Amino acid sequence: MHQRLSSFAILAVTASVALAASTPAGASGGHIAKLAPPVIHEPFTPMPCSGKPGNRSTLQEEGCAEQQILHSDTQIDALNQKIFNALHTTSARRDLLAGHRAWLAYRKSYCLSVSDVFQGGTLAGVVDADCVATVNGQHVTNLKTFLKDLTSNGG
């Protein structure tokens, strides 16, 4: 009898976990969260960009790169909103959101890898921030092309 209860308990827990895993993220009580355009939330508190180019400390260089990141984040967010609004199906919008999350994960991993060369040194933060600013700039270009293609083909 004890063996049957244990098997039943395991089966019940497994079914509960499977049910929870099949529920969309953000859904609760049968209510699915409304899809919205992605927005970037940076994990850093931005430092100011100060000093003259070529004569900045590493902290000043990092601050300048952070300001570039925030500027390009604004561009990315605006482009993503336009693209999101031009997509007319829920599946297309979900694909955009999944792509954005994947791109953010790539950006983080790639730039951390690039900065690992200077791990533990003062240049690591500058290299990481410069990398993020560069990758953001490339992404802005890609999103502009995506939006142009999307809108020129009737959405």
Side-chain angles (χ1 to χ4, degrees), residues 16-155:
S16 295
V17 169
L19 182 60
S22 68
T23 304
S28 62
H31 176 71
I32 297 175
K34 184 180 176 193
L35 293 178
V39 176
I40 299 174
H41 300 283
E42 294 298 348
F44 58 82
T45 301
M47 295 181 283
C49 179
S50 58
K52 293 182 180 179
N55 196 26
R56 292 183 175 134
S57 69
T58 53
L59 282 178
Q60 289 171 319
E61 288 289 339
E62 189 172 348
C64 292
E66 288 174 349
Q67 294 302 319
Q68 286 180 310
I69 292 167
L70 294 175
H71 175 73
S72 57
D73 282 354
T74 301
Q75 292 177 298
I76 290 168
D77 290 344
L79 287 163
N80 273 330
Q81 182 167 10
K82 288 177 183 176
I83 292 166
F84 184 89
N85 291 336
L87 297 171
H88 299 294
T89 67
T90 299
S91 65
R93 288 177 171 182
R94 282 191 179 134
D95 288 345
L96 175 69
L97 294 170
H100 178 74
R101 286 189 300 272
W103 172 78
L104 280 175
Y106 160 78
R107 182 189 80 166
K108 180 179 180 179
S109 296
Y110 175 72
C111 290
L112 282 175
S113 179
V114 169
S115 70
D116 278 347
V117 174
F118 301 97
Q119 187 174 20
T122 57
L123 275 180
V126 175
V127 171
D128 179 57
D130 279 341
C131 177
V132 170
T134 299
V135 171
N136 270 13
Q138 294 164 345
H139 196 54
V140 166
T141 300
N142 293 339
L143 289 173
K144 284 179 179 178
T145 300
F146 181 18
L147 181 61
K148 180 182 174 195
D149 291 346
L150 182 62
T151 56
S152 68
N153 290 323

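The first residue of the sequence shown is numbered 1, and numbering continues consecutively from there. Since the structure is predicted, the reported quantities are computational estimates derived from the model, not experimental observations.
Shown here are the side-chain contact (heavy atoms from CB on, under 4.5 Å) partners of Ser50, two or more places apart in sequence or in another chain: Gln60. Looking at residues two or more places apart in sequence or on another chain, you find no side-chain contact (heavy atoms from CB on, under 4.5 Å) involving Asn142.
Summarising the geometry, atom CG belonging to Asp73 is positioned 10.5 Å from atom NE2 belonging to His71; distances are rounded to the nearest 0.5 Å. A distance of 6.0 Å separates OG1 in Thr90 from CG in Leu35, rounded to the nearest 0.5 Å. The CZ atom of Arg94 sits 8.5 Å away from atom OG of Ser91, with the distance rounded to the nearest 0.5 Å. Here the CD-SG distance, from Gln68 to Cys49, works out to 7.5 Å after rounding to the nearest 0.5 Å. A distance of 8.5 Å separates CD in Glu61 from OG1 in Thr58, rounded to the nearest 0.5 Å. Put simply, CD on Glu62 and OG1 on Thr122 are 9.5 Å apart, with the number rounded to the nearest 0.5 Å.
At least one donor-acceptor pair under 3.5 Å links the side chain of Asn85 to the backbone N or O of Gln81.
For Arg93 against Leu87, the heavy-atom pair with the smallest separation is NE-O, 3.0 Å. Minimum interatomic distance between Glu66 and Met47 (heavy atoms only, all atoms of both residues): OE1-N, 2.8 Å. The shortest non-hydrogen separation linking Ala65 to Asp130 is CB-OD1, 3.3 Å. Across every non-hydrogen atom of Asp77 and Pro38, the tightest pair is OD1-O, 3.9 Å. Considering all non-hydrogen atoms of both residues, Leu150 and Ala86 come closest at CD2-CB, 3.4 Å.
Contact annotation: the side chain of Phe44 never approaches that of Val132 to less than 4.5 Å [non-hydrogen atoms, C-beta and beyond]. Under the 4.5 Å side-chain criterion, counting only non-hydrogen atoms from C-beta, Gln67 is not in contact with Cys64.
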Which side-chain N or O atoms in residues 106-118 pair as donor and acceptor under 3.5 Å with protein atoms at least two apart or in another chain?
| unit_1 | atom_1 | unit_2 | atom_2 | d |
| --- | --- | --- | --- | --- |
| Arg107 | NH1 | Glu42 | OE2 | 3.2 |
| Arg107 | NH1 | Asn136 | OD1 | 3.0 |
| Arg107 | NH2 | Glu42 | OE1 | 3.1 |
| Arg107 | NH2 | Glu42 | OE2 | 3.2 |
| Ser109 | OG | Ala105 | O | 3.2 |
| Ser115 | OG | Cys111 | O | 3.3 |
| Ser115 | OG | Leu112 | O | 3.0 |

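A parallel orientation is assigned to the rings of His139 and Trp103, their planes being inclined by less than 30° (bins at 30° and 60°).
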